[in-house]
Amino acid sequence: MKVLEPLQWRAAVRHFDTSKKVTDEQLDALLEAGNLTATSMGLQPFKIVVVENKELQKELVPLSYNQQHVADASHILVFAIETDVNQDNVVRY
């Protein structure tokens with residue numbers, strides 16, 4: 001099976017080409033992949049926030065260990081994770 005092969009490739013991003021932008025179709029595919037991610041009981045205890053406002057991205061740099069990538073990327077995906085998953089979450093879902 002070639003399931004592991006794609007996961008074994010990794011590369012650290014040194015910089016983004018600021019002249020390029022993730023397309024709406026690519027962004028939709030990434031968000032759909034996030035929605036289809038397996039989670040405990042299928043609760044998906046997170047929200048994905050898409051940030052493409054350059055001023056906000058600059059403000060996030062100090063909160064991201066001063067990684068300039070955060071300001072340079074065309075989009076930033078912020079995963080807001082529910083830290084207290086309980087019976088109420090299950091019932092609501």
Novice: Under the 4.5 Å side-chain heavy-atom rule for ILVMFWY, direct or indirect, which residues accompany L60?
Specialist: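 Reading the cluster by chain and number, L60 sits alongside V49, V51, L56, V61, L63, V70, I76, V78.
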
Novice: Please report the shortest heavy-atom distance between S74 and V22, naming the atom on each side.
Specialist: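 Taking every non-hydrogen atom into account, OG-N, 3.0 Å.
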
Novice: Listing request: all salt bridge (Lys or Arg N to Asp or Glu O under 4.0 Å) pairs with a residue in residues 45-59, at least two apart in sequence or in separate chains.
Specialist: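 Residue pairs passing salt bridge (Lys or Arg N to Asp or Glu O under 4.0 Å), neighbours aside: K21-E52, E55-K58.
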
Novice: Looking at NE2 of H75 and CG of L31, how far apart are the two atoms once the value is rounded to the nearest 0.5 Å?
Specialist: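 If we round to the nearest 0.5 Å, H75:NE2 and L31:CG are 9.0 Å apart.
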
Novice: Can you name the residues that form a side chain to side chain donor-acceptor pair (under 3.5 Å) with T83, not counting sequence neighbours?
Specialist: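 Counting only residues at least two positions away or on another chain, T83 forms no side chain to side chain donor-acceptor pair (under 3.5 Å).
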
Novice: Linking Ile, Leu, Val, Met, Phe, Trp and Tyr by side-chain heavy atoms under 4.5 Å, what else ends up with L36?
Specialist: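 None, because no other hydrophobic side chain comes under 4.5 Å of this residue.
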
Novice: With rounding to the nearest 0.5 Å, note down the distance linking CG in L77 to CG in L27.
Specialist: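 Output value for this atom pair is 6.5 Å.
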
Novice: Filter on salt bridge (Lys or Arg N to Asp or Glu O under 4.0 Å), then keep only pairs touching residues 62-71, sequence neighbours left out; what's left?
Specialist: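 Output for this query is empty, none listed.
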
Novice: Quick one: ring-ring contact (aromatic ring centres under 6.0 Å, His included) partners of Y65, sequence neighbours excluded?
Specialist: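 Scan of Y65 (ring-ring contact (aromatic ring centres under 6.0 Å, His included), adjacent residues dropped) gives none.
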
Novice: List in chain and number order the residues that pass side chain to side chain donor-acceptor pair (under 3.5 Å) with D17, two or more places apart in sequence or in another chain; answer none if no residue qualifies.
Specialist: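 If we apply the side chain to side chain donor-acceptor pair (under 3.5 Å) test to D17, skipping adjacent residues, the hits are S19.
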
Novice: Mind checking what makes side chain to side chain contact (heavy atoms under 4.5 Å, CB included) contact with D84, not counting sequence neighbours?
Specialist: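 Residues passing side chain to side chain contact (heavy atoms under 4.5 Å, CB included) with D84: E82, N86.
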
Novice: Go through the structure and list residues passing ring-ring contact (aromatic ring centres under 6.0 Å, His included) with H69, not counting sequence neighbours.
Specialist: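 Partners of H69 under the ring-ring contact (aromatic ring centres under 6.0 Å, His included) test: F16.
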
Novice: List in chain and number order the residues that pass side chain to side chain contact (heavy atoms under 4.5 Å, CB included) with T23, two or more places apart in sequence or in another chain; answer none if no residue qualifies.
Specialist: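 Side chain to side chain contact (heavy atoms under 4.5 Å, CB included) check on T23 returns E25, Q26.
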
Novice: Can you sort out the partners of Q67 under side chain to side chain donor-acceptor pair (under 3.5 Å), two or more places apart, ordered by chain and number?
Specialist: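 None.
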
Novice: Can you list everything that forms a side chain to side chain donor-acceptor pair (under 3.5 Å) with T18? Sequence neighbours excluded, please.
Specialist: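 Partners of T18 under the side chain to side chain donor-acceptor pair (under 3.5 Å) test: none.
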
